[in-house]
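Values reported hereafter were calculated over all heavy atoms of this structure, with side chains retained and with hydrogens, waters and symmetry mates removed. This structure is a prediction, so every number in the text was calculated from the model and none was measured. Indexing begins at 1, ligand by ligand and atom by atom, following the structure's order.
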Amino acid sequence: MDGGSSESPNMGCNKTIVWFRRDLRIEDNPALAAAARNGFVYPVYIWCPKEEGQFYPGRVSRWWLKQSLAHLKQSLKSLGADLVLMKTQSTIFSLLECINATGATKVAFNCLYDPISLVRDHNIKEKLVELEISVQSYNADLLYEPWDVYDENGNAFTTFKEYWDKCHLLQKELVSTLPPWKLQQAAGMVGSCSIEELGLENESEKSSNALLARAWSPGWSNADKALAEFVENHLLEYAKNRQHLGGTSTSLLSPYLHFGEVSVGKVFQKVRLKQILWAREGNASGEQSAELFLRAIGLREYSRYICFNFPFTHERSLLSSLKFFPWHASQDNFKAWRLGRTGYPLVDAGMRELWATGWIHNRIRVIVSCFAVKVLLLPWKWGMKYFWDTLLDADLESDILGWQYISGSLPDGHELERLDDPQIQGSKYDPDGEYIRHWLPELARMPTEWIHHPWDAPQTVLQASGVELGLNYPTPIVELDLAANRLTEAIIKMREIEAAAGANSNGTNEVVMDNADRIQSVGTTNVAAAAKTCATNSSNDQKVPTIHNSKVSNNPLSRKRSKAKEEKGEFQYNIRNNVQNEAGTSKFDDDLCSTAESSSSKKPSTSRTSFSVPQFCSSSKELPQSSEEHTDR
Ligand SMILES: Cc1cc2nc3c(=O)[nH]c(=O)nc-3n(C[C@H](O)[C@H](O)[C@H](O)COP(=O)(O)OP(=O)(O)OC[C@H]3O[C@@H](n4cnc5c(N)ncnc54)[C@H](O)[C@@H]3O)c2cc1C
């Protein structure tokens, strides 16, 4: 049992259960600070695999969590309190156990905004309030809470630019909470366990995980160091370097931000201060770097905004445009993509890096995800779930935003018609082929001229490089011209079915589901994600989403966009049009500016919807356990 007993026998004193989740830090932690001010605290972390359901974290993400919890436990101890760890079948049951054991009258926690947590937290809150336990939730994850940023009619913004412009106008004053200098532990005996007993890391996973510790140091004080190092040494060059693959061109803060090990307010303030300083010095490039970095932070904010306002996005595309898309649900292609065996070096290098390290650069995320959706026509949800299972920074909202952005599901994201050529992208983002050589040793001796398209190389060059296409490196899984034609055909088919469905529709409310839901997959799991409306207790309390966005329902931009293209005769996609565009990029390519515009909002959100992916994808257990196994297949 954990929990300590440093409480003085002052029965009249307030006791608060501080429920930690993804706010694993001491500094600028409003729930912890408020509880400490209030009297005795009982910090607890509750691990309930059952409730994680389909979104049970993958191996690397659990490894990070385990390290971070150990770090937090140590820090809390030095302040006078112990972090109680509980493994349970029911979070509410464990919270009640803590309340009963300590005699606490209050529960404090920091809000989460992903669709799964929103519903769970709302239900827990209702139950506790019914039992006359005071519950207070705080914002520790965002600069702007989703319900703070609406247009003049009270509707959610539907493009990132509009959203971020409005945030600028709000000029919210950031208040950071001082860390408590001492904590008074409330006494109480509960069924707690050690970090090891939480079971975040299986024995079989330990050897693969050992490598992670060489590259990453989880924990809130390491997050602070990483932030300081980035702001002092790399921020200045962020505008220039952020598209470079490998190295320290970006902040690498995403896993820390995901687990709340550093407050986003602190990140914002530090960068903004630098920006002001550089502006005063007339350092335009520094100013631009800070602006672009804050924009990246804005995208993270926006991912929460989208999920809150459109809480179904983890299960179906935001735009109804993909509803009838004829996905090519090939298990073999999905496997080749996962294993980095597509025959396209840049895609394969990215997928091997992802498996080996649990982290890839944003540019590579865009390239491999586009390849899965546009070239292989794999359902975007499969890719989203695979990323969730394998990324160190796996974050439901950012993952959803990323995949919807590339799959034509957002009006200001990539168009579904757009297909980028990995060969051209390779020459642009990895001009010397060093990234390929690092992750695909079988191509290490290929001359740079051919490294991004070995299938074009003369036989003599292949021989000299030790490359045997089809033997030690695959031939392209599908030729790009063929892929472009297939994509065009799929889009035409989608439009035809859409038109037929429109003609047959009697205009009644219809629930929009992706076609992927109808694809027979090897095994499926259901996730309940109910979007409920509820009254909230106080102005700084967490809210749950309501579906009332009339702006969205009246303005189905996606349809307009496609229609306009058809009218202009641009519909027939020709991959060479893209090649003309030097690097195969569009105006939105440099930034992942995404948005939400849903003609589906007039249709009610389902209270129970399903999320289907092949079983081997959804269960990280069944994935290869080491990078060696992974590349061998
Ligand atoms: C298909 C796809 C899936 C993605 N899945 C995830 C995910 O599961 N978890 C995740 O944290 N990010 C995800 N991203 C966003 C982005 O790739 C990562 O946040 C970024 O690469 C992290 O590296 P960094 O911390 O060095 O970023 P920096 O460039 O230093 O940016 C700073 C911070 O801003 C935020 N940020 C930057 N870009 C984005 C973005 N496009 N969307 C949302 N937030 C952003 C992140 O919190 C990041 O740590 C995904 C992108 C795509 C295209």
Side-chain angles (χ1 to χ4, degrees), residues 22 55 57-58 60-61 64 113-114 141-143 160 163-164 216 223 226-227 229-231 234-235 237-239 241-264 267-268 270-271 289-307 314 350-351 353-354 357-374 378 380-407 409-410 412-414 420 588-595:
R22 292 203 297 271
F55 292 101
V60 289
S61 180
W64 188 287
Y113 304 88
D114 68 272
D141 189 49
L142 288 176
L143 302 168
F160 173 69
Y163 165 80
W164 197 228
W216 298 91
L227 173 63
E229 151 77 10
F230 173 72
V231 171
H234 306 285
L235 177 63
E237 305 276 86
Y238 183 77
N241 293 343
R242 78 204 155 97
Q243 299 291 6
H244 292 179
L245 304 180
T248 47
S249 58
T250 60
S251 70
L252 306 178
L253 283 174
S254 49
Y256 295 110
L257 282 165
H258 170 73
F259 283 106
E261 291 161 38
V262 62
S263 107
V264 73
V267 176
F268 188 91
K270 272 196 169 258
V271 174
S289 281
E291 187 63 36
L292 285 171
F293 183 79
L294 294 179
R295 217 175 127 74
I297 295 296
L299 285 168
R300 180 180 178 275
E301 297 272 309
Y302 191 55
S303 69
R304 271 76 181 145
Y305 185 77
I306 292 287
C307 283
H314 61 303
M351 294 308 288
E353 183 188 11
L354 172 60
T357 68
W359 194 89
I360 44 175
H361 188 281
N362 183 62
R363 173 57 42 203
I364 289 291
R365 293 185 205 212
V366 172
I367 289 166
V368 300
S369 57
C370 278
F371 189 87
V373 168
K374 310 284 182 75
L378 291 171
W380 66 272
K381 285 190 289 182
W382 289 16
M384 184 190 101
K385 184 61 171 57
Y386 183 69
F387 266 30
W388 170 261
D389 284 343
T390 49
L391 278 170
L392 202 56
D393 60 19
D395 177 276
L396 196 47
E397 295 99 313
S398 300
D399 200 12
I400 291 168
L401 186 75
W403 281 87
Q404 298 237 356
Y405 163 77
I406 59 93
S407 65
S409 303
L410 304 170
D412 58 352
H414 283 196
D420 293 330
F588 290 120
D589 197 50
D590 278 353
D591 293 295
L592 199 158
C593 337
S594 327
T595 190

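Between the choices D399, I297, I406, D395, the shortest heavy-atom distance to atom 33 (C) of ligand 1 belongs to I297. Among N362, V271, L292, V262, the residue whose heavy atom sits closest to atom 16 (C) of ligand 1 is N362. Comparing heavy-atom distances from atom 24 (P) of ligand 1 across L252, L294, I364, L235 singles out L252 as nearest. Relative to atom 42 (N) of ligand 1, the option among L396, L299, V368, L392 with the closest non-hydrogen atom is L299. The heavy atom nearest to atom 52 (C) of ligand 1, out of those in G298, S249, S407, G402, is found in G402.
Taking the six-membered ring where the residue is Trp, W216 and W64 present perpendicular rings, their angle passing 60° and hence far from 30°. Relative orientation of the F387 and W403 rings is perpendicular, given thresholds of 30° and 60° on the angle between their planes. By the 30° and 60° cut-offs, the orientation of the rings of W359 relative to H361 is perpendicular. Ring-plane geometry between F230 and F293 is classed as tilted, the angle between the planes lying from 30 to 60 degrees on a 0 to 90 degree scale.
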(message) Please determine whether side-chain contact (heavy atoms from CB on, under 4.5 Å) holds for the pair M384 and I400, giving the CA-CA distance in whole Å, both sets of side-chain angles, and the decisive distance to 0.1 Å.
(response) CA-CA 7 Å; M384 184 190 101; I400 291 168; 3.8 Å; yes

(message) Is there a salt bridge (Lys or Arg N to Asp or Glu O under 4.0 Å) between D399 and R365? Walk through the geometry before answering.
(response) CA-CA 10 Å; D399 200 12; R365 293 185 205 212; over 6 Å; no

(request) Begin with the C-alpha distance, continue with both residues' side-chain angles, and end with the deciding distance and a verdict on side-chain contact (heavy atoms from CB on, under 4.5 Å) for F55 and D114. (result) CA-CA 11 Å; F55 292 101; D114 68 272; over 6 Å; no

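Less than 4.0 angstrom separates some heavy atom of S254 from each of these atoms of ligand 1: 11 (O), 22 (C), 23 (O), 25 (O), 49 (O). For ligand 1 and L253, the ligand atoms under 4.0 Å from any heavy atom of the residue are 25 (O), 49 (O).
Contacts between W388 and ligand 1 below 4.0 angstrom, taking non-hydrogen atoms only, are absent altogether. Residue-level proximity to ligand 1 for W380 is absent, since no heavy atom of it falls below 4.0 angstrom.
Taking any N or O of T250, backbone or side chain, at least one lies under 3.5 Å from an N or O belonging to ligand 1. Ligand 1 has a nitrogen or oxygen under 3.5 angstrom from a nitrogen or oxygen of A296. Looking at ligand 1, you won't find any N or O of S303 less than 3.5 Å from one of its N or O atoms. For ligand 1, none of its N or O atoms has an N or O atom of F293 under 3.5 Å away. In terms of polar-atom proximity, defined here as any N/O pair under 3.5 Å, S369 makes no such contact with ligand 1. Taking distance alone, with nitrogen or oxygen atoms compared against 3.5 Å, L257 stays at or beyond that limit from ligand 1.
At least one heavy atom of V366 sits less than 4.0 Å from an atom of ligand 1. Residue contacts with ligand 1 include Y238, since one or more of its heavy atoms lies under 4.0 Å from the ligand. Ligand 1 lies within reach of A394, whose nearest heavy atom is under 4.0 Å from it. Under a 4.0 angstrom heavy-atom cut-off, F230 registers as lying outside contact with ligand 1.
At a cut-off of 3.5 Å, with distance as the only test, no side-chain donor of D393 or H258 sits close to an acceptor on the other residue.
Residues F259 and L392 share a closest heavy-atom pair of CE1-O, 4.4 Å. Nearest heavy-atom pair across L257 and D141 is O-OD1, 4.3 Å.
Taking CG of L235 as the start and CG of L227 as the end, the distance is 9.5 Å to the nearest 0.5 Å.
Of the options H244, R242, E237, a side chain to side chain contact (heavy atoms under 4.5 Å, CB included) to S249 is made by H244 and by none of the others.
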